[in-house]
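Following: one structure in structure tokens, then a few remarks.
Atoms within each ligand, like the ligands themselves, are counted from 1 in listed order.
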Amino acid sequence: MDGVSAQTEARRRFLRMLVASPLFSGSLFGGSLRNLLPILEVLQQTAEVISSPDQALDVMDFEPAARKALPPAHFGYLATGVDEDGTVRANHEGYSRIQIRPRRLVDVEEIDMSVRLFGTTWSSPIVISPVSSQKAFHPEGDVAVARAARAKDHLQILPTGATSSIEDVMATRGAPVWQQLYPTNVWEVGRAIVKRAERAGSPAIVLTVDLQEGSNRETLFRAQTADQRECSACHSSAYTGYARTRPKAGSGGFAQYAARKPMFDGLDLSKVVATHPANMDWDFVKRLRDTVTVKLLLKGIVVREDAQLAVEHGVDGLVVSNHGGRAEETLRPTIESLPEVVDSVAGKIPVIVDGGIRRGTDIFKALALGATAVGIGRPEAWGLAAFGQSGVEAVLEILRRELRTIMRQAGTTSINEITRSYVVTRPS
Ligand SMILES: Cc1cc2nc3c(=O)[nH]c(=O)nc-3n(C[C@H](O)[C@H](O)[C@H](O)COP(=O)(O)O)c2cc1C
């Protein structure tokens with residue numbers, strides 16, 4: 001570390017210590033906000049990008065570190081929503097409309113954050129949502145995520161677009177991971193992906209149903225333009241997975257894209273033109289249900305009508321998700337979709353929610369509104385991009401710590417105790 005950064009680092013440590021000390025909120029500053037402002041300003045000015053995971057105070061600290069580590073187009077891919085990114089923002093802001101009603105005088109010495117999903121117990125309700133192309137963020141990609149998931153005991157959902165094979169990821173994880181499914185427009189290809197995942201020992205297939213071709217990822221497109229590097233050195237220009245142009249069947253465009261995605265290895269891709277078929281409907285779900293021998297979940301359900309249909313079609317679980325605001329600009333946060341989906345399935349199947357979860361308190365609120373578990377997407381990828389495995393571990397650890405803290409503060413000692421009575425929605 002050079003002299004200037006060592007000095008900045010020392011100053012940052014001092015300010016952090018100051019903020020954490022009782023003096024900060026105690027007599028010296030008399031609790032007056034006006035007194036705190038100059039210090040907060042200094043803190044803000046010196047708050048540069050973290051250079052190691054242990055400097056992070058919260059998971060948001062990893063976002064600038066990821067931006068610093070990544071080329072513009074790759075960060076654009078990670079950050080992007082659609083149109084004006086309004087749904088990305090809404091997902092997180094949705095949590096600020098929900099308030100917590102803590103109970104007092106409860107013995108909270110022992111906190112149990114474990115949950116059970118399909119007969120397996122996890123030490124926390126925090127699930128790693130499927131994120132494609134993780135080697136765009138770090139050379140070790142999904143394998144580094146698997147090591148972190150193993151170290152911290154988290155359920156990992158592997159995307160179809162993973163840049164490591166499910167066999168390698170499972171061997172590293174030392175336990176089964178769930179397989180997310182983009183079935184493509186060719187039934188045999190989707191079926192082959194399912195069968196390979198089942199053979200590898202995956203106990204659940206998660207069919208993503210919320211993404212249509214042509215989602216308008218403007219932030220990505222702008223970032224691609226800003227990136228001076230020659231993308232075609234690594235990428236097929238014919239297909240990017242959500243491209244504005246779809247390759248013609250037989251053109252080889254999809255195969256070029258799939259060449260870097262091991263889940264497509266050895267498959268006949270000559271008729272594939274899209275990861276997500278535009279004609280996918282409930283008959284498709286029925287056919288898939290008859291094919292999948294393990295658990296089948298749908299990811300991307302956001303309304304009660306579809307939740308009801310999912311139950312009727314024998315689906316085993318749901319992920320309330322809007323693809324992290326990357327599919328369509330609904331401006332509706334997933335936390336506001338969650339209650340109607342939970343009410344609709346009436347406890348028959350587990351419901352996971354993802355989108356905008358950045359704090360332990362967000363997790364607490366989602367659980368209170370009926371989620372069985374929660375998924376995180378971008379924060380895990382920020383950690384990976386910035387610091388590899390240790391970054392992912394730190395993100396998971398911070399969220400666990402924050403959840404434990406709010407459970408203690410609210411007087412809830414187990415996940416089951418976190419019910420709707422612990423939250424209230426702010427009147428608008
Ligand atoms: C870079 C990136 C890639 C993603 N890839 C997939 C994918 O392949 N399949 C899928 O179902 N969801 C995918 N998602 C959506 C996530 O699984 C998850 O729903 C979303 O990121 C949750 O929102 P959050 O990022 O605000 O936590 C992706 C999200 C990001 C940010």
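Distances below 4.0 Å separate heavy atoms of G355 from the following atoms of ligand 1: 22 (C), 23 (O), 26 (O). The atoms of ligand 1 that sit less than 4.0 Å from any heavy atom of S129 are 17 (O), 18 (C). The atoms of ligand 1 that sit less than 4.0 Å from any heavy atom of V131 are 1 (C), 2 (C), 3 (C), 4 (C), 5 (N). Close approach of ligand 1 to P159 (heavy-atom distance below 4.0 Å) involves ligand atoms 8 (O).
If you check each of S321, G375, P130 against atom 28 (C) of ligand 1, the one with the closest non-hydrogen atom is P130. For atom 31 (C) of ligand 1, the nearest non-hydrogen atom from the set Q180, H276, R326 comes from R326.
Considering backbone and side-chain atoms alike, G377 places an N or O below 3.5 Å from some N or O of ligand 1. Backbone and side-chain nitrogen or oxygen atoms of D354 are examined, and one is located within less than 3.5 angstrom of a nitrogen or oxygen of ligand 1. At least one N or O atom of G356 sits closer than 3.5 Å to an N or O atom of ligand 1.
S414 and D112 share no side-chain donor-acceptor pair at under 3.5 Å. Residues T413 and E417 have side chains that bring a donor and an acceptor to within less than 3.5 angstrom of each other. E380 and Q134 share a donor-acceptor pair across their side chains, judged by distance under 3.5 Å alone. For the residue pair R400/S123, the side-chain donor-acceptor check at 3.5 Å is satisfied.
For K135, there are no salt bridge (Lys or Arg N to Asp or Glu O under 4.0 Å) partners two or more places apart in sequence or in a different chain. For E340, the side-chain hydrogen bond (donor to acceptor under 3.5 Å, both in side chains) partners are R332, not counting sequence neighbours.
The side chain of K299, and not its backbone, has at least one atom closer than 4.0 Å to an atom of ligand 1 (non-hydrogen atoms only; side chain from C-beta on). Only side-chain heavy atoms of T208 come within less than 4.0 Å of ligand 1; its backbone N, CA, C and O stay farther off.
Ring geometry for F118 against W178 counts as tilted: the plane angle lies between 30° and 60°, on a 0 to 90° scale.
Scanning the protein for heavy atoms near atom 9 (N) of ligand 1, the closest one is Y182 OH, 3.1 Å. Nearest protein heavy-atom neighbour of atom 5 (N) of ligand 1: S132 N, 3.1 Å.
Heavy-atom distances between E380 and ligand 1 stay at or above 4.0 Å for every pair.
In this structure, the side chain of H138 does not engage the main chain of L384 through any donor-acceptor pair within 3.5 Å.
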